[in-house]
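First listed ligand is number 1; within each ligand, the first listed atom is number 1.
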Amino acid sequence: MTEKKPLRVAVAGLGTVGGGVVKVLQKQADLLKSRCGRAIELVAVSSRSKGKRTDLDLSGISWIDNPIDLAHESNIDVIIETIGGDSGIALDLTRAALTSGKAVITANKAMLAKHGTGLAKLADQYETSLHFEASVAGGIPIVKRLREGLAANRLSHLYGILNGTCNYILTQMEKTGASFQDVLSKAQALGYAEVDPTLDVGGHDAAHKLSILAAVAFGMPIRYEGMYVEGITEITKEDIQFARELGYRIKLLGLAGVKDGSVDQRVHPCMISLNTPIADVGDVFNAVVVEGDFVGQSLLTGRGAGEGPTASAVVADLIDVARGIRLPVFGVPLSDLQELTPLDMGEHRGQYYIRLGLKDQSGAIASVTNILASHNISIQSMIQRGRSENESVPVVIVTHEAKEADIQKALKAIDTLPASLEKGNMIRIVHFC
Ligand SMILES: NC(=O)c1ccc[n+]([C@@H]2O[C@H](COP(=O)([O-])OP(=O)(O)OC[C@H]3O[C@@H](n4cnc5c(N)ncnc54)[C@H](OP(=O)(O)O)[C@@H]3O)[C@@H](O)[C@H]2O)c1
């Protein structure tokens, strides 16, 4: 039997992920050759700063100054895009590579969230493939699980901890009793949080990933724009303590579900029961729970980011390419993608935790409960702390099931009360069956 030709690969962007990919390809060369039935050869790299990665052995590998030129090199079969950014050079390179008929593997969730459907169309048009296992929860092979392992099922909903930075912050706030800001600073010092943490703590990174997972799980175009996204910046150490007292833990979750032609996708802090398996997934770990009609519930957990887990996911995609596996990008042909109507967050129904800072004076609580009642919100339980006359005291209310739009209106009205000394905070309580 003649030996198959090596698969020729280029890496664009030699940062955390790209550097990790180079290391895996070099260290595991024999293993990969055996698993793929052909060698994987790293033939070219491109990045912004030549000579920066002195820790990598780049001898014998072509250096290409402009990443876009990789798309036009005839001796390259696959381009690994690990530059990042939702547009600019990463998008230009991905488009140029697909248009040249080269397979693209990317870890770039921001780009996919905005342009994923268009890129998938381009891959289809030029009869090549687009792979993105590393873009969501690197150490968890969730895209493969959804697209292949669970392909016999109709998937109705999924949820998960999709951002390791937020999970680390919330875990440490609970463990140490420290404030959001203090834990964030520590996370930045440890390299678990970016210098500009907005994408992570604002919930947007988790939303990018959720939009990708929902597309693959439900066979729909990626719908990131318009998704309800709320981060963890308003969570206080008091919220964490009250949650514990009520039998809950606060997690930033991405939740997505389909029903009767509608899709519900949202990212926000959730209070979940301490008995829920993902309540125990702490620190930088990620977890995804998915529900299928035959398989039931399935939970996957692992490291979501970092050099090793992310490079491992990139190379898993590369193995698929080397083996000649080309699957529909979102699990079904693009012509079969379902157009689903996004659910309005205002219509969401659930239980709510509300924390207020009320002046300790008679009638303050009554004025709050009147507002809640006038917005069709009934109270399940209430905790009132301390007595310091005319000072702000925390009052926590847990509602029965209510409508989100009513809660939002009621909170606005409560904030205008003379007895309301601090802006109220609300966290959605989420129950899983
Ligand atoms: N880090 C993770 O754990 C992780 C996990 C999952 C997904 N991802 C995704 O993977 C991608 C890469 O992330 P990363 O953490 O590896 O980023 P990174 O460490 O900042 O690396 C980015 C690399 O791209 C290079 N680059 C930036 N602009 C460029 C340009 N205009 N032309 C050529 N090269 C350019 C950078 O060069 P310089 O070194 O000169 O700046 C750097 O080598 C992102 O899309 C990210 O969202 C990352």
Side-chain angles (χ1 to χ4, degrees), residues 10-24 44-56 58 61 63-71 79-94 96-97 104-116 119 130-143 160-168 187-188 190-200 202 204-213 224 283-286 288 302-317:
V11 175
L14 287 179
T16 306
V17 182
V21 170
V22 171
K23 289 181 195 169
V24 175
V45 292
S46 180
S47 200
R48 188 162 44 195
S49 328
K50 193 173 179 183
K52 185 172 173 182
R53 292 300 301 260
T54 50
D55 59 319
L56 298 176
L58 299 176
I61 300 168
W63 176 275
I64 309 290
D65 285 327
N66 182 355
I68 305 289
D69 291 341
L70 295 171
I79 291 178
I80 297 175
E81 183 282 304
T82 48
I83 292 172
D86 63 9
S87 51
I89 192 112
L91 182 62
D92 293 345
L93 168 62
T94 304
V104 173
I105 299 172
T106 180
N108 192 336
K109 54 250 175 179
M111 175 179 76
L112 290 166
K114 284 208 171 158
H115 305 285
L119 293 173
L130 173 68
H131 306 256
F132 46 85
E133 185 66 69
S135 66
V136 186
I140 307 176
I142 182 67
V143 174
I161 298 168
L162 299 175
N163 184 275
T165 305
C166 290
N167 207 34
Y168 173 82
Q188 285 170 317
L190 288 169
Y192 291 158
E194 303 282 340
V195 181
D196 177 1
T198 322
L199 263 184
D200 289 321
H204 310 288
D205 175 79
H208 290 152
K209 294 168 182 168
L210 184 70
S211 69
I212 295 166
L213 288 186
Y224 166 71
D283 286 320
V284 295
F285 280 78
N286 284 194
V288 181
R303 285 185 183 276
E307 179 186 283
T310 315
S312 158
V314 167
V315 177
D317 277 345

Short N or O distance, Ile89 and ligand 1, threshold 3.5 Å exclusive: no
Under 3.5 Å, is there a donor-acceptor pair between the side chain of Ser211 and the main chain of His208? yes
Which residue and atom name correspond to the protein heavy atom nearest atom 28 (N) of ligand 1, and how close is it? Arg48 NH1, 3.4 Å
Are any of the N or O atoms of Ser47 closer than 3.5 Å to those of ligand 1? yes
Atom 10 (O) of ligand 1: of Gly20, Ala134, Ala107, the nearest heavy atom sits on Ala107
Protein contact to atom 48 (C) of ligand 1 [nearest heavy atom, distance to 0.1 Å]: Val17 CG2, 3.4 Å
Do side-chain atoms of Ser47 reach the backbone of Leu14 as a donor and acceptor pair under 3.5 angstrom? yes
Atom indices of ligand 1, in the order listed, that fall short of 4.0 Å to a heavy atom of Gly84: 44 (C), 45 (O)
Against heavy atoms of Lys109, which atoms of ligand 1 measure under 4.0 Å? 6 (C), 7 (C), 8 (N), 47 (O)
Would the distance check show the side chain of Thr310 and the main-chain N or O of Gly306 forming a donor-acceptor pair, the cut-off being under 3.5 Å? yes
Using atom types as modelled and distance alone, determine if a side-chain donor or acceptor of Glu133 lies under 3.5 Å from a backbone N or O of Val143. yes
Closest to atom 26 (N) of ligand 1 among protein heavy atoms sits Ile83 CG2, 3.8 Å
Atoms of ligand 1 under 4.0 Å from any heavy atom of Gly306, numbered from 1 in the order shown, are 2 (C), 3 (O)
For the side chain of Thr82 and the backbone of Gly13, is there at least one donor-acceptor N/O pair under 3.5 Å apart? yes
Under-4.0 Å heavy-atom contact with ligand 1, by part of Met111 that carries it: neither
Which bit of Glu307 gets closer than 4.0 Å to ligand 1, counting heavy atoms only: side chain, backbone, both or neither? neither
What protein heavy atom sits nearest atom 5 (C) of ligand 1, and how far away is it? Thr310 OG1, 3.3 Å
Ignoring hydrogens and geometry, is there a side-chain-to-backbone donor-acceptor pair from Gln188 to Val195 under 3.5 Å? yes
Closest protein heavy atom to atom 12 (C) of ligand 1, given as residue, atom name and distance to 0.1 Å: Thr82 O, 3.5 Å
Show me which atoms of ligand 1 lie under 4.0 Å from any heavy atom of Ser49. 38 (P), 40 (O)
Just which atoms of ligand 1 are under 4.0 Å from any heavy atom in Leu14? 23 (C), 43 (O)
re atom 19 (O) of ligand 1, the protein heavy-atom contact at minimum distance is Thr16 N, 3.0 Å
Distance to 0.1 Å, residue and atom name: give those for the protein heavy atom nearest to atom 38 (P) of ligand 1. Lys52 NZ, 3.5 Å
Check this for me - ligand 1, Ser135, N or O atoms closer than 3.5 angstrom, yes or no? no
Any N or O on Gly15 sitting closer than 3.5 Å to an N or O of ligand 1? yes
What residue and heavy atom of the protein are closest to atom 32 (N) of ligand 1, and at what distance? Pro67 CG, 3.8 Å
Check whether His204 reaches the backbone of Thr198 with its side chain - one donor and one acceptor, N or O, closer than 3.5 Å. no
Donor-acceptor contact below 3.5 Å, side chain Arg303 vs main chain Asn286: no
Nearest-0.5 Å distance, CG of residue Asp317 to NE2 of residue His131: 6.0 Å
Polar side-chain atom of Asp283 near backbone of Phe285 as donor-acceptor pair, under 3.5 Å: no
Are any side-chain N or O atoms of Ser46 and backbone N or O atoms of Ala12, one a donor and one an acceptor, separated by less than 3.5 Å? no
Shortest non-hydrogen separation from Asn108 to Gly85 and the atoms involved: ND2-O, 2.9 Å
